[in-house]
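The residues of the chain are indexed from 1 along the displayed sequence. Side-chain atoms are counted along with the backbone in the values below, which use heavy atoms only and exclude waters and symmetry mates. Only a predicted model underlies this, so the values are computations on that prediction, with no experimental measurement involved.
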Amino acid sequence: ISGVDLSQAEVALAVAKAGVIRAETALANAVTTLNTLIGRTVSDTTQTDTSLRDVVLPPLDELRADLLAQNPDLLASLREAEAASHHVRTVNAAFYPRIAAQAAYQYTNNQNDAGFILSNRTNGWNVGLTLQYNLFNGHTDDLAAQRARLDAERARLTTEELRTQLDERLTMAYRRYQQARLTIDLERTSRAAAERNTRVALEQLRVGTITSVEARSVEQTLIDVTTR
């Protein structure tokens, strides 16, 4: 190996060591931040599982149905919309006549020791109906009904907007996950190819058919594929 190749190899080694030191420092700082967030001692160590498990998600329609059925914000909004709809019906009841029915059964029996009428007895049913209808109350009922309908429509639109936002977020997240799975498969293929190229390049460097710069370039490709 020439002096120039050796110097270039030493420079590349120094750069690689500096990158390792920076990566180790960033990892240590990240662990410290994690320990602070979860209430642990900052000096505690953390073991990280770097393996990637291939998790197959259920179909998007199934995830969407579960999300819309279980999301607490959407459920609360649906309850508010339902309550607003019930309030509309309650307010509209003021425009209908009110009928009240009453019934009573009367029984009396009077006994006299002397006199023209010695006994007086009455019994029977007393039934009555009362009809009430509000002809005019200064449009109070009209204004209340308008406010109730506006509140119900606002609640309905809020619920629909929330449902649309949840569907959008789920669809985008699902699409990103599927894209990430494809990207991981491609990266695994690229890494396997880079490892093969590196083994071949090191063997060629050993027998002298390529320079150390060329071998370093192949190694750098492997590093880039592994760390990106």
Side-chain angles (χ1 to χ4, degrees), residues 26 29-40 42 44 46-105 125-188 228:
N29 291 336
V31 171
T32 300
T33 302
L34 176 63
N35 289 334
T36 302
L37 290 174
I38 62 180
R40 296 171 57 184
V42 295
D44 288 346
T46 300
Q47 298 294 330
T48 305
D49 184 7
T50 59
S51 62
L52 294 176
R53 292 183 293 272
D54 191 8
V55 179
V56 179
L57 294 179
L60 180 58
D61 292 339
E62 181 178 342
L63 292 175
R64 182 183 293 110
D66 292 340
L67 174 64
L68 299 181
Q70 300 176 12
N71 183 265
D73 294 334
L74 181 59
L75 293 177
S77 182
L78 287 172
R79 285 192 294 268
E80 292 178 0
E82 184 178 359
S85 179
H86 286 316
H87 183 61
V88 170
R89 290 193 290 270
T90 301
V91 172
N92 287 337
F95 295 97
Y96 297 98
R98 291 181 291 275
I99 300 176
Q102 58 185 5
Y105 182 80
W125 286 96
N126 183 14
V127 180
L129 292 176
T130 301
L131 176 64
Q132 294 180 341
Y133 186 77
N134 190 4
L135 296 177
F136 182 74
N137 64 349
H139 300 292
T140 302
D141 293 338
D142 292 333
L143 294 176
Q146 291 178 10
R147 287 194 297 268
R149 287 193 294 269
L150 288 175
D151 291 341
E153 182 65 15
R154 187 182 300 111
R156 186 189 67 82
L157 292 176
T158 300
T159 301
E160 291 299 325
E161 181 181 5
L162 180 58
R163 182 182 285 109
T164 301
Q165 291 176 353
L166 291 174
D167 191 9
E168 177 187 9
R169 294 171 186 171
L170 174 64
T171 302
M172 295 176 63
Y174 192 87
R175 189 179 296 120
R176 287 195 299 268
Y177 179 78
Q178 297 295 345
Q179 181 182 6
R181 287 187 59 196
L182 295 176
T183 302
I184 289 175
D185 293 339
L186 293 175
E187 291 294 346
R188 287 171 176 169
R228 66 187 177 190

Chemist: As an exercise, state the distance from CG of D151 to CZ of R147, rounded to the nearest 0.5 Å.
Modeler: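 One finds 8.5 Å between CG of D151 and CZ of R147.
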Chemist: With a 4.5 Å heavy-atom cut-off, do T158 and L162 have their side chains touching?
Modeler: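 Answer no - side chains too far apart.
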Chemist: Working to the nearest 0.5 Å, report the span between CD1 of I38 and OG1 of T33.
Modeler: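 Rounded to the nearest 0.5 Å, the CD1-OG1 separation comes out at 11.0 Å.
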Chemist: Measuring from I184:CD1 to Q179:CD, what's the distance to the nearest 0.5 Å?
Modeler: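 The CD atom of Q179 is 11.0 Å from CD1 of I184, to the nearest 0.5 Å.
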Chemist: Determine the minimum heavy-atom distance between A148 and V91, stating which atoms define it.
Modeler: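 Answer, listing the atom of A148 first, then V91: CB-CG2, 4.1 Å.
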Chemist: Under a 4.5 Å cut-off applied to non-hydrogen side-chain atoms, are R163 and L78 in contact?
Modeler: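 The answer is yes, as the side chains (C-beta and beyond) meet within the 4.5 Å cut-off.
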Chemist: side-chain contact (heavy atoms from CB on, under 4.5 Å) for T171 and R64? Distances and angles first, verdict last.
Modeler: CA-CA 8 Å; T171 302; R64 182 183 293 110; 3.7 Å; yes
Chemist: Could you walk me through whether E153 and V88 pass side-chain contact (heavy atoms from CB on, under 4.5 Å), step by step?
Modeler: CA-CA 10 Å; E153 182 65 15; V88 170; over 6 Å; no
Chemist: Do R169 and M172 come within less than 4.5 Å of each other through their side chains, counting heavy atoms only?
Modeler: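 Side-chain contact under 4.5 Å: no.
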Chemist: Looking at CZ of R181 and CD of Q178, how far apart are the two atoms once the value is rounded to the nearest 0.5 Å?
Modeler: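 Nearest 0.5 Å value for the CZ-CD distance: 5.5 Å.
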Chemist: I need the minimum non-hydrogen distance between A84 and A152, along with the two atoms involved.
Modeler: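 The answer is CB-CA, 3.6 Å.
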Chemist: Suppose we screen for side chain to side chain donor-acceptor pair (under 3.5 Å). Which residues come up paired with E82, at least two apart in sequence or across chains?
Modeler: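 For E82 there are no side chain to side chain donor-acceptor pair (under 3.5 Å) partners, ignoring immediate neighbours.
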Chemist: Can you see which heavy atom on A155 is nearest to which on S77, and at what distance?
Modeler: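 It is O-OG, 4.4 Å.
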Chemist: Atom CG in D61, atom OH in Y174: separation rounded to 0.5 Å?
Modeler: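 Separation between the atoms: 9.0 Å.
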Chemist: Can you tell me how far the CD atom of E161 sits from the OG1 atom of T164, to the nearest 0.5 Å?
Modeler: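 The OG1 atom of T164 is 7.5 Å from CD of E161, to the nearest 0.5 Å.
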Chemist: Please tabulate, for side-chain N and O atoms in residues 66-74, each donor-acceptor pair with protein atoms closer than 3.5 Å (sequence neighbours left out).
Modeler:
residue, atom, partner, partner atom, Å
N71, OD1, D73, N, 3.2
N71, OD1, L74, N, 2.9

Chemist: Check each of N35, T32, V31 against R40 using the side-chain contact (heavy atoms from CB on, under 4.5 Å) test, and report the only one that passes.
Modeler: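 For R40, the side-chain contact (heavy atoms from CB on, under 4.5 Å) test succeeds with only one of N35, T32, V31, which is N35.
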